[in-house]
Amino acid sequence: MARPTSATIHTAALQHNLSQVRARAAGSRVMAVVKADGYGHGLERVARALAGADAFGVAALSDAERLRAAGLSQPVVLLSGFDDAEDLPQLRRLNVETVVHHATQLQMLEQAGSGPPIRCWLKLDTGMHRLGFAPGDVRDAYARLVAMPSIDPDIVLMNHFASSDEFVGAGSNGRQTREQLRVFAEATAGLPGARSLANSAAVLGWPDAHFDWVRPGGALYGISVVDGMSGADFGLRPAMTLATRLIAVNTIRAGEHIGYSATWQCPEDMPVGVAAIGYGDGYPRHVPAGTPVLVNGRRADIIGRVSMDLMTIDLRPHPEAKPGDPVVLWGAGLPVETIAAAAGTIGYEPVCSITRRVRFVED
Ligand SMILES: Cc1ncc(COP(=O)(O)O)c(C=O)c1O
């Protein structure tokens, strides 16, 4: 029998989320960020569902290749840029646009042979200190790019925010985002071209940062990175339901311990469900006891350690539960953000971590 573990991808939710982004950033074009295999939801599947986006953002040329092979002809932008001159012919062949964030890339472009013009997204480091030209170097980089006959003179100016998720709740003063906006405005004043600054959190919380192109990833998958809030709090719908079934229900005696290292002790004689999912499927191993699942649509708690193929569930609130009953790990009614918080991470990580043995289905 096949393992009953599945990730259902809700294409209507992806489309709903895109329309939510469009409603919030009405004056902007939308680059749908589909890197990391569409945040674990499946690149081609996500891109087809989001074919109404104005562009796709990827991290690897191989993803661009997959999008073209799937027949998607929208603009595709390589968000981390190219790192090898040998990538340039392929960029041209696939008609892929590239982020330019470093002087080594300018050299490679200057030395590249002629060909159809490459469209560039010139990235500034306005305070995140990951990729990008220092504000003082941007005009020089811009001038070098427009001087190259092999570069499309229509250059987009961009940056990336480090803490745009800080716009609601106690202690979120948004200081770093305001400073990044200020640095960007100052460094690019007078330069022509479209501007692109906003990731999902900035789409949701920083209307002043929307400009010409927004670049949401997580929001399209219905996931929030705002502390204590889920996508549903912003009108988004989860694009993935991770589910399995109970494969056993056992009565375990008071005082007995459950699972590896005996981390959980039964306070009374009680029914314990065993669900066919574990860290071998990508479910986070280190969630504590008490992390929720939905059994037959109703909340129950994980007890004991999550193991490779299985997890154990306290079924005292659901004495009627039996083998074969559905268990939802995250999806509608149980935000992945809740599970992520229990695992000490953000909602993006669990959805990106689903392993290949999980069956993907689409609805
Ligand atoms: C350059 C860039 N833009 C946009 C995004 C999308 O971010 P998010 O998924 O938080 O919307 C990312 C993702 O990390 C990124 O690296």
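Numbering starts at 1 and runs along the sequence shown. Atoms within each ligand, like the ligands themselves, are counted from 1 in listed order. Computed from a predicted structure; not experimentally measured.
- Residue contacts with ligand 1: Gly217 is placed with a nitrogen or oxygen under 3.5 Å of a nitrogen or oxygen of the ligand (distance criterion only).
- Heavy atoms from both the backbone and the side chain of Arg215 come within less than 4.0 Å of ligand 1.
- Two residues are said to be in side-chain contact when any heavy atoms from C-beta on lie closer than 4.5 Å; His10 and Thr8 meet this criterion.
- Ring-plane geometry between Tyr283 and Trp330 is classed as parallel, the angle between the planes falling under 30 degrees on a 0 to 90 degree scale with a further cut at 60.
- Considering backbone and side-chain atoms alike, Ser200 places an N or O below 3.5 Å from some N or O of ligand 1.
- For atom 9 (O) of ligand 1, the closest non-hydrogen atom on the protein side is Tyr39 OH, 2.5 Å.
- Taking the six-membered ring for Trp and the full ring otherwise, the centers of His41 and Tyr221 sit less than 6.0 Å from each other.
- In terms of protein heavy atoms, atom 14 (O) of ligand 1 is closest to Lys35 NZ, 3.0 Å.
- Residue Glu349 qualifies as open at atom CD: its count of foreign heavy atoms under 6.0 Å is 12 or below.
- Heavy-atom minimum distance, Ala60 versus Leu78: C-CD1, 3.5 Å.
- Contacts with ligand 1 closer than 4.0 Å are made by backbone heavy atoms (N, CA, C, O) of Pro216 only, the side chain lying farther away.
- More than 12 heavy atoms of other residues, nucleotides or ligands sit less than 6.0 Å from atom CD of Glu320.
- Scanning the protein heavy atoms around atom 10 (O) of ligand 1, the nearest turns out to be Tyr348 OH, 2.7 Å.
- Of all protein heavy atoms, the one lying nearest to atom 2 (C) of ligand 1 is His160 CE1, 3.4 Å.
- By the 4.0 Å heavy-atom criterion, Arg130 is counted among the residues contacting ligand 1.
- A salt bridge links Asp281 and Arg357; the closest N-O separation between the charged side-chain nitrogens and carboxylate oxygens is under 4.0 Å.
- Under a 4.0 Å criterion applied to the non-hydrogen atoms of Gly218, ligand 1 contributes the atoms 8 (P), 9 (O), 11 (O).
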